[in-house]
Amino acid sequence: MSENKTYFITTAIAYTSRKPHIGNNYEIVMTDAIARYQRMKGKDVFFLTGTDEHGQKIEDIAKENNIEPQIYVDKVASEIKDIADMLNCSYDKFIRTTEPYHKKTVQKIFKKLFEQGDIYKSEYEGKYCVPCESFWTDSQLVDGKCPDCARDVNSAKEEAYFLKLSAYQERLEQYWNENVDFVCPESRRNEMLNNFIKPGLKDLCVSRTSFKWGIPVDFDDKHIVYVWIDALSNYITALGYDPDVNSFSKSQKTLKDNDESELLKMQAGATRDPDINSFSKSQKTLKDNDESELLKMQAGATRDPDVNDFSKSDEHEADTTRYKKYWPADAHIIGKDILRFHTIYWPIILMALGEPLPKKVYGHPWLLFAESKMSKSTGNVLYADELVEKYGVDGTRYYLLASMPYAQDGNITLEYVTEIFNADLANTLGNLVNRTIAMSNKYFDGRVGDYTQTDINFDVDLKNLTLKTVTDFDKAITDFKLADACAVIINLTKNCNKYIDLTTPWILAKNEETRERLQQVLYNLSESIRFIGVLLQPIIPQTAKYILDVLKTDKRTLETLQAFGQLSGNVGTSEPLFVRIVEK
RNA sequence: UGCGGUGUAGAGCAGUUUGGUAGCUCGUCGGGCUCAUAACCCGGAGGUCAUAGGUUCAAAUCCUGUCGCCGCAACCA
């Protein structure tokens, strides 16, 4: 196990056009589970999330509501952050693209790329719908007409800046070839490769003049930096990257390993407290965004400076220390729809800047509502707060993590969530903890005694499975297969339940001669439950803490799972972890 | 049309890389147990593995064709 090594993981930044639904929230929960696990492995983790707040759409929404875009995005960004907190996500920093340091750095990046010739001024040509004032691509047109208003479109030109992707074609291909696991899942990698890279890259339009709500190109301010350079750059601006400071001055030709980041490894000592977030987060339910809120904002047209407490690391990156320490990213966790931007455009932007490339990008699938895309207009949608209210934070987290496939779209309905909640959390896990703790108290006043190794098959099998679960879990979560990771734990839990039936402790309790055996049985169970509790920490942190608290153990690290038999002392008493939900 | 998926018991899925008696969860039926949250444990029923051919001693698994469904196709942030 590597110690004191950094691990930088990010979600995509969420677009602040509206309150996100549970399908949007899946990403941060998954990322949180990985981040928490990496902390358990002793990594110095930096977990970044945030919001993307610019663009035409937001400008339009703000106009419709007759408020300033900034007021609008403040509100939505705050909702997004509240949801992240509610779901107990242990991010280290929440970046907003409207923050001054981000804007300033993006302008510097744009300028640098322009000055070195990677960005050039040209004309954007496309189909233009005059009434809608929008450009469309051929593939967007519906029967050759504007997809919005179904009217005819004309060819039109607009002055714009372009990024020379074509110049980096070879280097990008080389990186892809030398890092076969740069993009996962594999099916998505093939899709990118066949559809975009192999046919050859076309230069990318990186500015707009059709709207104002964005970061102006500082040397040509009728142009606004279009989404790619603005949004993608968050991953480095959040760390304090500054193109004027030579962070990685040397060549980035060979990026296949992380020698450089090793060099930049943090000095000893600055490890993060893994429990810093586990319980203190607010469980407040979120108010629905209703119109009165918007009206209120219009009335008080000024921003409340206190509302904007977004950065847990209060200081806004004034230097590049953090950048040097954490970049390149170990993992970008993003939706499958934006893989292209993260696996083609983003690496090229970084190459142009002379910076190292991220090590891994995972394009996760979508969470569908009853087989169809979540959409507010059709009512096919669920929100995090509805689920948390019914299933609790951990019930919600568990469903998301346990039921999402690795490469294919997942599904959610209240029926499915209830099914999983009852089966895995209430019946299998909750009941196991409850019955075991109850027996410990009933038969031994909570004393677990000491570990006694036996040759009894039941004991040996349970112990072996318990130890194997640790490595299986590690493998699954390292591959980002959270559903497998959950299944591995539940499998152990089921086997613990079976162990109880095989060893029949209630019969052992009847005879004084079998009292010692009874103690062994309960010990083995409690110790296996300790393993379960430790491994559940990244998945359902509150419940895991509760379990470990009930066991009254401080053996909560991965190191304590290297050998079976470390539990000692007394256990406490337990309330049911999850109460079965009976629909009616 | 190109590319990538996908079609397995009532529902949701695994298995296909490295062919060898079809598996898991939920539901259902029967049994057991009573420490426990009407939970837990065991067993049964239920599948021509989309379809048509082919290779093979042997195919859900490899090859070819067909049909259905989904995603992506360069700027939809």
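Just so we're on the same page: letters track the sequence lines, and every chain starts at 1.
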Checklist entry - If you measure from the C1' atom in A14(B) to the same atom in U25(B), how many Å do you get, rounded? => result 10 Å
Next on the checklist: Does G55(A) reach a base, just sugar-phosphate, or nothing at all? Heavy atoms under 4.0 Å.
Outcome noted: nothing
Checklist entry - With a 4.0 Å cut-off on heavy atoms, is G363(A) in touch with a base, just the backbone sugar-phosphate, or nothing at all? => result nothing
Checklist entry - Could you give the OH-to-C1' distance, from Y443(A) to A36(B), as a whole number of Å? => result 10 Å
Checklist entry - Counting any heavy atom closer than 4.0 Å, what does D203(A) reach on the DNA or RNA strands: base, sugar-phosphate only, or nothing? => result base
Checklist entry - Which residue, T428(A) or V206(A), contacts RNA chain B at a nucleotide closer to its 5' end, judged by nearest heavy atom? => result T428(A)
Next on the checklist: Restricting to side-chain contact (heavy atoms from CB on, under 4.5 Å), what partner residues turn up for Q169(A), sequence neighbours left out?
Outcome noted: E173(A), I197(A), L201(A)
Checklist entry - When you check the phosphate oxygens OP1 and OP2 of C35(B), does a side-chain N or O of Y499(A) lie under 4.0 Å from one of them? => result no
Checklist entry - Out of G4(B), A77(B), U37(B), which nucleotide sits closest to the side chain of R580(A)? => result U37(B)
Checklist outcome for this item: Per nearest nucleotide of RNA chain B, the residue lying toward the 5' end, N497(A) or S187(A), is S187(A)
Item to check | The single option from T466(A), T469(A), T493(A) passing side chain to side chain donor-acceptor pair (under 3.5 Å) against S528(A) | outcome: T466(A)
Checklist entry - On a whole-Å scale, what distance lies between the C1' atoms belonging to A50(B) and C69(B)? => result 11 Å
Checklist entry - Would R96(A) and D74(A) count as a salt bridge (Lys or Arg N to Asp or Glu O under 4.0 Å) if you check the C-alpha gap in whole Å, the side-chain angles of each, and the deciding distance to 0.1 Å? => result CA-CA 9 Å; R96(A) 303 181 57 189; D74(A) 282 353; 2.7 Å; yes
Checklist entry - Using the P atom in both, what is the distance from G19(B) to C63(B), to the nearest Å? => result 11 Å
Checklist outcome for this item: Winner on side-chain proximity to N427(A), out of A74(B), A39(B), A77(B), is A39(B)
Checklist entry - Which nucleotide in the set U37(B), G71(B), C42(B) lies at the smallest distance from any side-chain heavy atom of A426(A)? => result U37(B)
Next on the checklist: Let's test your reading of the model: under 3.5 Å, does the base of G5(B) pair with the side chain of E191(A) as donor and acceptor?
Outcome noted: no
Checklist entry - To the nearest angstrom, how far is L368(A) atom CG from G71(B) atom C1'? => result 11 Å
Checklist entry - Taking atom P of C26(B) as reference, at what distance in whole Å does atom CD1 of I490(A) sit? => result 10 Å
Checklist entry - OP1 or OP2 of A74(B) less than 4.0 angstrom from a side-chain nitrogen or oxygen of K202(A), does that happen here? => result no
Next on the checklist: Please report the distance, rounded to the nearest Å, between CD1 in I412(A) and C1' in G12(B).
Outcome noted: 14 Å
Checklist entry - Of Y235(A), W228(A), Y226(A), which meets ring pair (Phe, Tyr, Trp, His ring centres under 6.0 Å) against F341(A)? => result W228(A)
Checklist entry - Which part of the nucleic acid, if any, lies within reach of I338(A) when heavy atoms closer than 4.0 Å are counted: base, sugar-phosphate only, or nothing? => result base
Next on the checklist: Is the phosphate of A73(B) approached by R340(A) (side-chain N or O, under 4.0 Å from OP1 or OP2)?
Outcome noted: yes
Checklist entry - Roughly, in whole Å, what's the span from CG in L339(A) to C1' in C3(B)? => result 15 Å
Item to check | Interatomic distance at P, U16(B) relative to G31(B), whole Å | outcome: 38 Å
Item to check | Atom CD of E186(A): over 12 foreign heavy atoms under 6.0 Å | outcome: no
Item to check | Nearest to side-chain heavy atoms of N431(A), which nucleotide of C41(B), A36(B), C75(B) | outcome: A36(B)
Checklist entry - Going by the angle between their ring planes, with limits at 30° and 60°, are Y406(A) and Y362(A) parallel, tilted or perpendicular? => result parallel
Item to check | U8(B) versus A60(B) - spacing of their P atoms, nearest Å | outcome: 15 Å
Checklist outcome for this item: Atom NE2 of H342(A) and atom C1' of C75(B) are separated, to the nearest Å, by 15 Å
Item to check | From CA spacing to verdict: salt bridge (Lys or Arg N to Asp or Glu O under 4.0 Å), D459(A), R517(A) | outcome: CA-CA 11 Å; D459(A) 294 9; R517(A) 176 59 188 153; 2.8 Å; yes
Checklist outcome for this item: In whole angstroms, the gap separating C1' of G27(B) from CD1 of I420(A) amounts to 13 Å
Item to check | Between G5(B) and G10(B) - P atom distance, rounded Å | outcome: 28 Å
Item to check | Validation row, ring centre Y399(A) to ring centre Y391(A) under 6.0 Å | outcome: no
Checklist entry - Between C35(B), A74(B), C26(B), which nucleotide gets closest to the side-chain atoms of A423(A)? => result C26(B)
Checklist entry - Looking only at atom P, what distance separates C40(B) and G27(B), rounded to whole Å? => result 8 Å
Item to check | Shortest non-hydrogen contact from T436(A) toward S526(A) | outcome: CG2-OG, 4.0 Å
Checklist entry - Base, sugar-phosphate, or nothing: which does W228(A) touch, judged by heavy atoms less than 4.0 Å apart? => result base
Next on the checklist: Using a 4.0 Å heavy-atom cut-off, does F341(A) contact any base of the nucleic acid, only the sugar-phosphate backbone, or nothing at all?
Outcome noted: nothing
Next on the checklist: The side chain of K494(A) is closest to which nucleotide in this list: C41(B), C72(B), U37(B)?
Outcome noted: C41(B)
Next on the checklist: Quiz question: going by heavy-atom distance under 3.5 Å, is there a donor-acceptor pair between the base of G2(B) and the side chain of N194(A)?
Outcome noted: no
Next on the checklist: Let's see if you can work this out: which of C72(B), C26(B), U37(B) has an atom nearest to the side-chain heavy atoms of E419(A)?
Outcome noted: C26(B)
Item to check | Quiz item: N434(A) side-chain donor-acceptor pair to A36(B) base, under 3.5 Å | outcome: no
Next on the checklist: Students often get this wrong, so: under 4.0 angstrom with heavy atoms, is L577(A) touching a base, only sugar-phosphate, or nothing?
Outcome noted: base
Item to check | For atom CD1 of I500(A) and atom P of G32(B), their distance in whole Å | outcome: 21 Å
Next on the checklist: If you only use heavy atoms from C-beta on, which nucleotide in U37(B), C75(B), A77(B) is closest to the side chain of Y15(A)?
Outcome noted: A77(B)
Item to check | Base-paired stems that RNA chain B participates in, counting runs of 3 or more Watson-Crick or G-U pairs under 3.5 Å | outcome: B:1-7 with B:67-73, B:10-13 with B:23-26, B:28-32 with B:40-44, B:50-54 with B:62-66
Item to check | Pairwise C1' distance for G68(B) and G30(B), with rounding to whole Å | outcome: 39 Å
Checklist outcome for this item: Quick note, K336(A) side chain, CB onward, closest among G71(B), G2(B), A14(B) is G71(B)
Checklist entry - What residues, two or more places apart in sequence or in another chain, satisfy side-chain contact (heavy atoms from CB on, under 4.5 Å) together with A352(A)? => result L113(A), Q116(A), D118(A), Y168(A)
Next on the checklist: Test salt bridge (Lys or Arg N to Asp or Glu O under 4.0 Å) on K222(A) and E159(A); report intermediate values, then the result.
Outcome noted: CA-CA 10 Å; K222(A) 75 173 190 250; E159(A) 184 183 276; 3.2 Å; yes
